[in-house]
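Index from 1, following the sequence. Just so it is clear, the model here is predicted, and its values are computed rather than measured.
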Amino acid sequence: MLNNLQSYTLKSFSDYSGPVDKFCQKNIIFGYNGCGKSSLAKGLVEQYGRLDNSRLFNREYVKNNLLIEDNDSKIQGVRAVFGEQQVSNAQQIKEIKDQLKDEKVYQTNIDASESKIRLLIDSKYDQKKGSLSINRKQRNIDIKRVIDLYQADIATAKKIQADENILIEYKGDKSLEKELLSIESIVIENIIFSDKDKLIVDDAASFLAQKFTDILIPSSIIVKWLNDGVNIHQKENQCQFCGGSIELDEIKQRVELYNSSEKQRATLAFLKAIETLNDWIEKIEKFNSKLVFLDKVLSTEKIETLITSLNNMVNKVNQVIEKFELKLQNIDDLVQINKEEIILIFNSAEQNYNEVITEIRNRKHELNTLINKQSVLVRGAIGLAIVQDKGIQMMLKQLEADKDEYNQVKKNNEATKQKIIDLETKSSNFSDFPKLVNTILENNEINLRLNLLTDKDKSYYWIGHSVTNEALSIEDISEGEKNLLALLFFFYELYEDEKQENLKQSIELIVLDDPISSLDDANRFFVIELVKQLLKESDPQVFVLTHVWNDFCQLTYGLPKNNSGIKVVEYYEVYKDIEAKSNLRVVNSAVKPYKKLFKEVYQLSRKIFLMN
């Protein structure tokens, strides 16, 4: 228990010790504003020393234990924070939130910079690409990745052309692609004489130097007609041509004789060889006609040589055909032919064909290689144009700096958000506090309601209108209502139980500095009764200070004067002496408010009189 103050100095208190009589268990102190009342309240708690066992309600308590602020649209009403630690946390959170930077602004600037750089890069691409089919770098990849890909293009191109001054001059065109397409569109006749055709010619040539027995054999056309006739009359007894009777077996024997005749076989071989060689000549002529379109593949001299060579072959083949025709006209005459010469013709044609096809294949391969190299070189030229552009490089450096700053902002924001989370998780949940407050507010016909909202493991109180349930702003809550809420929380923390019946045993000293200050008239009576209830508690030592004499009188009314001969209540006045120093004196609480007022007026007039 605190008996008195010892050498206390604060503001108007100067080395004060007192009062002479010891403080009682319950103490009610009156003092006009400016006489040191609030300083006395602080001094009582300070000199008591045991802060964990003492409680002080004053303006600082209201400031430190109640925070009312506008909230976002997710909550209907204003947000209320109770408790010194919670208020401190909430204020820190508000200050910390101010440190958060808008990441979207940085991202928007970075996106805009990347778009500008990409436009410049694409302009270099358009200047160098020309008509080549070279794809742009993907738009959905980071600009740094784009630059890295162009750097790789430069490295690849320099394997072909190491001189950057030459490389950067490359531009794309489709001349090589057009040439390749032109060559691929030319269809070259295959003039290789097949083995089957060689056998046909060789078979006919074997009959040229042969003599045949003098058998009367019709011409090959008639023999063919007879063979067809036999097939037609297989199941007929009457001639289908003249309608007469027919001896089919006799006709068959004669036709078989004709067919087995060497003379007939030779005739057929000559006809087939002549047809085969004429077909081959036709292919050579078509082949020759295509050579003029291969001027990008073969030299003019080579084309002329090939045409001359193939024309000579045609002439020689025509001579062979003439010999076959001559033999047909005079089947019994001997005709000489050089088979080796014919073989040389065929081999020469095959050699010429393969030579042309090889040249075409080589040129197509060369063109594809050049096209691929050209694409590589043009890509390298595009890359060089980009990396050597000072404007692009300056923008890239600035972009990297902006990204570093953005990453630092994100890192700082993450750390800040974590601090906010840490502070929010430290918030206490006084879940039963709204029940007490709302009952009191309702009983005193105060149209406010305190609600508890839990959001993601965090609890908030919000204040709404108890009747209309309309959203409130900070301006809708008066100072008196704020002080009442703070005072109710102060009393709430004094008790151990939800029903507010049992004071915490650890509390030994309670100091209330102007608890009724700034209250609305409707709430004064309730608060006075609440304080008087506390004064009637037996255990803690209580000090109640007020600057209103009427409140002082109401607080003292009905309180017990003593308990078993021990004085438990004392009434004091804090005042300033003639030296303007604060002091304490015992006062009579029975003085009526109007009498007290007139007494003060009289004392003030005496001071003015003495001064004059």
Side-chain angles (χ1 to χ4, degrees), residues 1-48 54 56-62 483 509-519 524 527-528 531-532 534-535 541-557 559 561 567-612:
M1 179 170 159
L2 180 66
N3 293 323
N4 47 40
L5 297 179
Q6 298 293 329
S7 302
Y8 177 60
T9 300
L10 180 63
K11 292 186 178 179
S12 57
F13 281 93
S14 178
D15 196 27
Y16 171 78
S17 295
V20 177
D21 297 329
K22 294 181 179 179
F23 288 125
C24 290
Q25 190 72 11
K26 314 298 178 186
N27 305 272
I28 302 175
I29 302 172
F30 169 78
Y32 289 112
N33 289 334
C35 290
K37 177 171 49 61
S38 296
S39 298
L40 175 60
K42 292 181 180 179
L44 293 171
V45 176
E46 180 184 317
Q47 293 219 350
Y48 185 70
S54 61
L56 170 62
F57 179 85
N58 57 6
R59 290 181 180 177
E60 290 184 6
Y61 178 89
V62 177
N483 289 337
L509 174 68
I510 299 174
V511 179
L512 299 170
D513 180 17
D514 255 347
I516 313 169
S517 175
S518 301
L519 289 178
R524 297 177 74 86
V527 174
I528 288 172
V531 175
K532 288 177 72 173
L534 183 62
L535 289 168
Q541 186 179 19
V542 179
F543 291 83
V544 182
L545 299 90
T546 178
H547 72 284
V548 179
W549 182 258
N550 189 37
D551 294 341
F552 177 81
C553 293
Q554 290 190 46
L555 287 170
T556 61
Y557 181 77
L559 291 181
K561 303 299 181 183
K567 193 174 186 180
V568 295
V569 180
E570 187 59 275
Y571 310 119
Y572 297 94
E573 180 180 8
V574 57
Y575 67 98
K576 284 186 178 179
D577 59 20
I578 195 169
E579 296 179 354
K581 293 182 179 180
S582 294
N583 208 328
L584 274 176
R585 62 191 174 197
V586 177
V587 295
N588 181 5
S589 64
V591 178
K592 300 299 181 181
Y594 70 88
K595 188 176 181 178
K596 175 68 174 175
L597 177 60
F598 281 117
K599 184 178 179 180
E600 293 294 335
V601 172
Y602 172 75
Q603 289 176 352
L604 178 60
S605 66
R606 291 293 299 168
K607 288 181 180 179
I608 295 173
F609 175 77
L610 292 173
M611 288 175 63
N612 293 332

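- Put simply, the side chain of Leu5 reaches to within 4.5 Å of the side chain of Leu44, judged on heavy atoms.
- Just one residue in the list Val574, Leu512, Val587 forms a side-chain contact (heavy atoms from CB on, under 4.5 Å) with Ile29, and that residue is Val574.
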Dump the intermediate steps for side chain to side chain contact (heavy atoms under 4.5 Å, CB included) on Asn33 and Asp514, then the final yes or no. CA-CA 10 Å; Asn33 289 334; Asp514 255 347; 4.2 Å; yes
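- Scanning all heavy atoms of the two residues, the minimum distance from Ala580 to Ser12 falls at O-CB, 4.1 Å.
- Proximity of Tyr48 to Val511: side-chain heavy atoms (C-beta onward) are nowhere separated by under 4.5 Å.
- Considering every non-hydrogen atom in both Phe23 and Leu2, the closest pair reads CB-O, 3.4 Å.
- Scanning all heavy atoms of the two residues, the minimum distance from Cys24 to Lys567 falls at SG-O, 3.7 Å.
- Going from atom CG of Asn483 over to atom CZ of Arg59 covers 9.0 Å, rounded to the nearest 0.5 Å.
- Under the 4.5 Å side-chain criterion, counting only non-hydrogen atoms from C-beta, Leu509 is in contact with Phe543.
- A heavy-atom distance below 4.5 Å is found between the side chains of Arg524 and Val548.
- Between atom OG of residue Ser7 and atom CD of residue Gln47 there is a gap of 7.5 Å, rounded to the nearest 0.5 Å.
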For Lys42 and Glu60: C-alpha separation, side-chain torsions, deciding distance, then whether side chain to side chain contact (heavy atoms under 4.5 Å, CB included) applies. CA-CA 10 Å; Lys42 292 181 180 179; Glu60 290 184 6; 3.0 Å; yes
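- Between Val62 and Phe57 there is a side-chain heavy-atom pair separated by less than 4.5 Å.
- Between the side chain of Lys581 and the main chain of Asp15, no donor-acceptor pair closer than 3.5 Å is present.
- For the residue pair Lys26 and Leu535, the shortest heavy atom distance occurs at CE-O, 3.1 Å.
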Criterion side chain to side chain contact (heavy atoms under 4.5 Å, CB included) on Leu534 and Val544, from CA distance to verdict: CA-CA 10 Å; Leu534 183 62; Val544 182; over 6 Å; no
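- Proximity of Ile528 to Leu555: side-chain heavy atoms (C-beta onward) are separated by under 4.5 Å at one or more points.
- Side-chain contact between Phe30 and Trp549: present, with at least one pair of heavy atoms (C-beta onward) separated by less than 4.5 Å.
- Across all their heavy atoms, Ser582 and Cys35 have their closest contact at OG-O, 2.6 Å.
- In this structure the side chain of Arg585 reaches within 4.5 angstrom of the side chain of Tyr575, judged on heavy atoms.
- Of all heavy-atom pairs between Gln541 and Asn27, the closest is NE2-ND2, 4.0 Å.
- Ring planes of Tyr8 and Phe13: tilted class, angle from 30 to 60°.
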Report the C-alpha separation of Asp513 and Tyr61 in whole Å, then their side-chain angles, then the decisive distance to 0.1 Å, and conclude whether the side chain to side chain contact (heavy atoms under 4.5 Å, CB included) test is met. CA-CA 10 Å; Asp513 180 17; Tyr61 178 89; over 6 Å; no
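- The distance from the CD atom of Glu573 to the CG atom of Leu584 is 9.5 Å, given to the nearest 0.5 Å.
- The CZ atom of Phe552 sits 11.5 Å away from atom CD1 of Ile516, with the distance rounded to the nearest 0.5 Å.
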